[in-house]
Structures are given as C-alpha cells and as structure tokens.
Student: 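So that we are looking at the same thing, I have put the structure below in structure tokens.
What's counted below: heavy atoms across the whole structure, side chains too, no hydrogens, waters or symmetry copies. Just follow the structure's listing: the first ligand is 1, and inside any ligand the first atom is 1.
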Amino acid sequence: MIKIAILVSGNGTNAENIIKYFANNKNIEVSIVMSNKKDAYGLTRARNLNIATGYFNREEFTNGTTLRQFEQLGINWIILAGFLWLVPDIILNQYDGRIVNIHPSLLPKYGGKGMYGDKVHEAVVANHDKESGITIHTIDQHYDEGKTVFQATCQVLPTDNAHDVATKVHALEYEWFPRVIEKLVMNEKIEF
Ligand code: GAR
C-alpha cells in the first residue's frame, strides 16, 4: 500500500476531494490529514470521512517530531493541499521528490510567500490576465518553486471577478489534483 499524508492549513476542499478519490483504492491510501492549525476545517472534513488527523506546531514541524510521525505511519508521499508553511529541510531531505504542492496559478506567475488563495485570483484580475490555472509541482526550499509536473488552464473573461476566477481554478484542482497524484505515486507518465 502506498501511504499518503495530506497537509492543510484551512478549508480543505482539496483534501476532501483527494480522500474521496482514493477511498477503496487497492494501492493508495490517505493515511492522515495533518495541519499547523488546530481548527483548520480540513481536519473536520477528514474526521467526517474517518481519516486520522494530526496537528503540529512550528517546533514539532522543524525539530523532527512530525517527520518521525510520518515515518512511524509508513508515509510514502506528502501532499500539500492549501498548506501555507515552508517545509523544513529535515522533512524535505527525507521525502525528496515525494512532496507535492498545488498552487492556484500558472507558476511562475503569482507565486511566492504571501501569494495564496484569493490573493492570487485578485492579482490575476487586477492584471487583466486572459487565462489562469493550476500548477502541480514537487517542492524545494523555496515557496512555489521546484519541478512542475502538471499545469491546466482556464479562461479569464474581462467580466470575471476574483471569486469567478477562484471558482474556475477550484474546478481544475478538483478535476486534476487526485489524478496527477495517482500517476506520480504509481510512477506513471503524467499523460491524460
Ligand atoms: C487551493 O486553491 C490551493 O491551490 C491553494 O489554497 C487553496 C486551498 O483550498 N494553495 C495555495 O495557494 C498554496 N500557495 P482548500 O483548502 O479548499 O483545498
């Protein structure tokens, strides 16, 4: 069994979508959803779907406590689904190439510290971009960098506001993120 841990900082709609996608999968399981926020709604979503949950503070995340938990659970891959902290070297080194993030823009546009969620969509609208989309990438030491493994685009109309763009981008996330995760962890070509 390939075991996945999902990290969230907030609402957790992507985490829920991923959990549902892999329910009953013979090869892949979501073993735990963890957060840096005790009250992240993503943890509630996980509990409602009978998935184990966990919380860590900054010290536990950086001093190896969280890494030990991953290892004790036999976690093979870590998925960042709306997770807002940088992942420390101690975890990066152990899971090199096996930590995957989703970002709600076409990176390298609108990435970096502080660019998340609605801020990204507001910037897209303010710049009158004609398209936006999602980037799925393995991570490195920097915010929203690393190796891009998949992008998908959506049209942005002149009449769209940030909320409209968010809706389109979320739809892409729900459609593609679980399928890309599946290909990655099964070591299959990212082709659809
Ligand atoms: C998603 O749109 C994800 O792409 C974004 O946060 C949202 C989380 O939504 N991530 C980032 O901006 C990371 N820089 P969710 O909690 O409902 O899945």
Side-chain angles (χ1 to χ4, degrees), residues 4-23 30 32-49 51 53-56 61 77-88 91-92 95 99-127 129 131-156 160-182 184:
I4 293 175
I6 304 178
L7 306 191
V8 300
S9 294
N11 194 357
T13 60
N14 276 285
E16 177 166 343
N17 184 50
I18 295 163
I19 291 166
K20 288 179 173 165
Y21 183 88
F22 289 116
V30 175
I32 191 164
V33 175
M34 295 184 79
S35 184
N36 59 320
K37 292 223 160 105
K38 271 189 189 136
D39 60 352
Y41 193 65
L43 296 179
T44 305
R45 291 180 191 275
R47 277 184 219 113
N48 289 342
L49 294 165
I51 302 292
T53 60
Y55 159 81
F56 48 79
F61 198 43
W77 286 77
I78 299 169
I79 305 300
L80 310 183
F83 181 70
L84 301 182
W85 282 358
L86 269 185
V87 176
I91 296 177
L92 264 181
Y95 283 90
I99 308 179
V100 184
N101 182 46
I102 190 161
H103 188 79
S105 75
L106 297 171
L107 289 174
K109 288 190 116 178
Y110 312 118
K113 190 171 163 63
M115 284 306 267
Y116 58 88
D118 289 340
K119 291 190 184 167
V120 174
H121 309 308
E122 282 157 16
V124 167
V125 169
N127 287 332
D129 285 2
E131 62 171 20
S132 190
I134 59 170
T135 302
I136 297 170
H137 63 100
T138 53
I139 66 159
D140 64 15
Q141 291 91 338
H142 308 282
Y143 279 104
D144 301 322
E145 294 183 20
K147 189 168 146 242
T148 294
V149 292
F150 181 83
Q151 288 188 311
T153 60
C154 58
Q155 235 191 339
V156 177
D160 281 349
N161 60 28
H163 177 77
D164 298 323
V165 179
T167 302
K168 292 178 185 180
V169 169
H170 274 303
L172 288 177
E173 294 184 329
Y174 304 148
E175 180 180 359
W176 292 109
F177 200 16
R179 297 170 69 188
V180 171
I181 292 168
E182 185 171 26
L184 275 172

Student: I need the atoms of ligand 1 closer than 4.0 Å to a non-hydrogen atom of N11, numbered in the order shown.
Tutor: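 Those atoms are 16 (O), 17 (O).
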
Student: Decide whether the shortest distance between a heavy atom of V8 and an atom of ligand 1 is less than 4.0 Å.
Tutor: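 It does not; every heavy atom stays at 4.0 Å or beyond.
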
Student: G12 to ligand 1: N or O pair under 3.5 Å?
Tutor: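 Among all N and O atoms of G12, at least one is under 3.5 Å from an N or O of ligand 1.
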
Student: What protein heavy atom lies closest to atom 9 (O) of ligand 1? Include the residue and the distance to one decimal.
Tutor: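 Sorting protein heavy atoms by distance from atom 9 (O) of ligand 1 puts H170 CE1, 3.8 Å first.
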
Student: Should one rank T13, L107, L84 by closest heavy-atom distance to atom 15 (P) of ligand 1, which comes out on top?
Tutor: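 Of the listed residues, T13 has the closest heavy atom.
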
Student: Is it true that K109 and D129 make a salt bridge, defined as a side-chain N closer than 4.0 Å to a carboxylate O?
Tutor: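 A salt bridge is present here (some side-chain N lies under 4.0 Å from a carboxylate O).
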
Student: Do F61 and F83 have ring centroids that are under 6.0 Å from one another?
Tutor: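 Ring centres of F61 and F83 closer than 6.0 Å.
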
Student: Which atoms of ligand 1 are found less than 4.0 Å from any heavy atom of G117?
Tutor: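 Taking each heavy atom of G117 in turn, ligand 1 has 12 (O) under 4.0 Å.
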
Student: Taking N17 for the side chain and Y174 for the main chain, is one N or O donor matched with an acceptor at less than 3.5 Å?
Tutor: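 Checked: pair present.
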
Student: Quick check on contacts: which atoms of ligand 1 are under 4.0 angstrom from a heavy atom of E173?
Tutor: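 Listed by number with element: 1 (C), 2 (O), 3 (C), 4 (O).
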
Student: Taking all non-hydrogen atoms of both residues into account, name the closest pair between L172 and G133 and its distance.
Tutor: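 Closest approach of L172 to G133: CD1-CA, 3.9 Å.
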
Student: Side chains of I6 and I78: does their closest heavy-atom pair fall under 4.5 Å?
Tutor: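 A side-chain contact is absent here, since even the closest heavy-atom pair is not under 4.5 Å.
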
Student: Under the criterion side chain to side chain contact (heavy atoms under 4.5 Å, CB included), I'd like the reasoning laid out for M115 against V120: C-alpha separation, chi angles, the key distance, then a yes or no.
Tutor: CA-CA 6 Å; M115 284 306 267; V120 174; 4.2 Å; yes

Student: Check each atom of ligand 1 against the heavy atoms of Y116 and keep those under 4.0 Å away; list them by number with element.
Tutor: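 Heavy-atom distances to Y116 below 4.0 Å select 11 (C), 12 (O), 14 (N).
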
Student: Identify which of S105, A81, P104, S9 has a heavy atom lying nearest to atom 5 (C) of ligand 1.
Tutor: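 Going through S105, A81, P104, S9 one by one, P104 has the nearest heavy atom to atom 5 (C) of ligand 1.
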
Student: Any side-chain to backbone donor/acceptor pair from R45 onto N11? Under 3.5 Å, distance only.
Tutor: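 Confirmed, R45 side chain pairs with N11 backbone.
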
Student: Under 3.5 Å, side chain of Q151 to main-chain N/O of L107, donor-acceptor pair present?
Tutor: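 Yes, because the side chain of Q151 sits within donor-acceptor range (under 3.5 Å) of the backbone of L107.
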
Student: Looking at M115, which atoms of ligand 1 are within less than 4.0 Å of one of its heavy atoms?
Tutor: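 So the answer, numbered in order with elements, is 14 (N).
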
Student: Search all heavy atoms of S105 against all heavy atoms of T135 and return the closest pair with its distance.
Tutor: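 Nearest pair, atom of S105 first, then T135: O-OG1, 2.7 Å.
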
Student: Yes or no: does E16 have any heavy atom under 4.0 Å from an atom of ligand 1?
Tutor: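 For ligand 1, residue contact (heavy atoms, under 4.0 Å) with E16 is absent.
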
Student: Please identify which atoms of ligand 1 are closer than 4.0 Å to at least one heavy atom of G82.
Tutor: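 The list of qualifying atoms is 6 (O), 8 (C), 10 (N).
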
Student: Tell me whether H103 has any N or O atom under 3.5 angstrom from an N or O of ligand 1.
Tutor: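 Yes, H103 has an N/O under 3.5 Å of an N/O on ligand 1.
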
